[in-house]
Amino acid sequence: MQNAKQGDTVIIEYSVRTGDGTVVGDTKETGPQAIKLGDGSIFPQVEEKLADMKVGDKETVAIECENAFGPRRDEMVIDIPRENLPAETDPQPGMALQAQQEDGSAVTLYVVAVGEQSVKADGNHPLAGEDLSFDVTLREIKEAA
């Protein structure tokens with residue numbers, strides 16, 4: 001049986017857990033996922049492990065936060081005056097807002113607190129600061145043409 005290589009498409013099932021064991025993603029509801037090795041659609045550490053696997057193999061890959069979504073950065077939590085929000089916006093904790101950075105790129109902010117004069121929003125990825133454990137099962141290899 002062969003191993004997958006760059007350019008191949010692999011069909012995988014996975015479960016992602018944080019350091020405390022909380023499941024933050026899996027394929028139980030969505031079904032197996034197709035990943036093309038080398039296209040950057042999955043963490044490099046998982047891709048490397050997949051290249052060592054054969055169909056039917058199950059592996060766990062530990063990914064430190066620095067190699068996942070990075071450490072939490074306090075400077076990414078900001079107060080936004082309510083007058084800077086669109087008039088039709090009714091901010092609620094957990095709501096995602098789109099903002100434009102100084103360089104013109106878009107960033108997603110998550111509302112963490114709502115006050116009368118301002119909204120506190122967090123620009124960190126929700127999994128920033130989390131070490132992740134990626135349990136992956138290789139179901140199929142489709143060789144690159």
For the [atom1] atom of [X] and the [atom2] atom of [Y], what is their distance to the nearest 0.5 Å?
X: Gln33; Y: Thr9; atom1: CD; atom2: OG1; result: 12.5 Å
X: Ile78; Y: Met76; atom1: CD1; atom2: CE; result: 8.5 Å
X: Glu140; Y: Ile11; atom1: CD; atom2: CD1; result: 5.0 Å
X: Asp90; Y: Leu85; atom1: CG; atom2: CG; result: 10.5 Å
X: Glu130; Y: Ile63; atom1: CD; atom2: CD1; result: 13.0 Å
X: Arg73; Y: His125; atom1: CZ; atom2: NE2; result: 14.0 Å

Please name the pair of heavy atoms, one in [X] and one in [Y], separated by the smallest distance, quoted to 0.1 Å.
X: Ser15; Y: Val23; answer: OG-CG1, 3.9 Å
X: Pro71; Y: Asn124; answer: O-OD1, 4.1 Å
X: Gly129; Y: Cys65; answer: C-CB, 3.6 Å
X: Glu47; Y: Leu37; answer: CG-CD2, 3.5 Å

Keeping the roles fixed (side chain from Glu59, backbone from Thr137), state whether a donor-acceptor pair exists under 3.5 Å. no

Would you check if the side chain of Ser118 reaches a backbone N or O of Gly115 as a donor-acceptor pair within less than 3.5 Å?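 No, the answer is negative, given that no donor and acceptor are paired below the 3.5 Å cut-off.
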
Take the angle between the ring planes of Phe43 and Phe134 and call it parallel below 30°, perpendicular above 60°, tilted in between.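 Rings of Phe43 and Phe134: perpendicular, as their planes differ by over 60°.
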
Is there a chain of hydrophobic side chains (I, L, V, M, F, W, Y, each step under 4.5 Å between heavy atoms) that links Tyr14 to Val55? yes

Less than 4.5 Å apart, any side-chain heavy atom of [X] and any of [Y]?
X: Val10; Y: Arg139; answer: no
X: Leu50; Y: Val136; answer: yes
X: Pro32; Y: Thr27; answer: no

After noting the C-alpha distance and the side-chain angles of Ile80 and Leu109, does the key distance pass the side chain to side chain contact (heavy atoms under 4.5 Å, CB included) rule? CA-CA 11 Å; Ile80 304 170; Leu109 304 170; 3.9 Å; yes

Got a salt bridge between Lys5 and Asp8, using NZ or NE/NH1/NH2 to carboxylate O under 4.0 Å?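 Salt bridge: yes.
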
Positive for salt bridge (charged side-chain N to carboxylate O under 4.0 Å, His left out) with Asp135, one of Lys49, Arg17, Lys58: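 Output: one option passes, namely Arg17.
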
From CA spacing to verdict: side chain to side chain donor-acceptor pair (under 3.5 Å), Thr108, Gln98: CA-CA 5 Å; Thr108 301; Gln98 293 295 315; 2.8 Å; yes

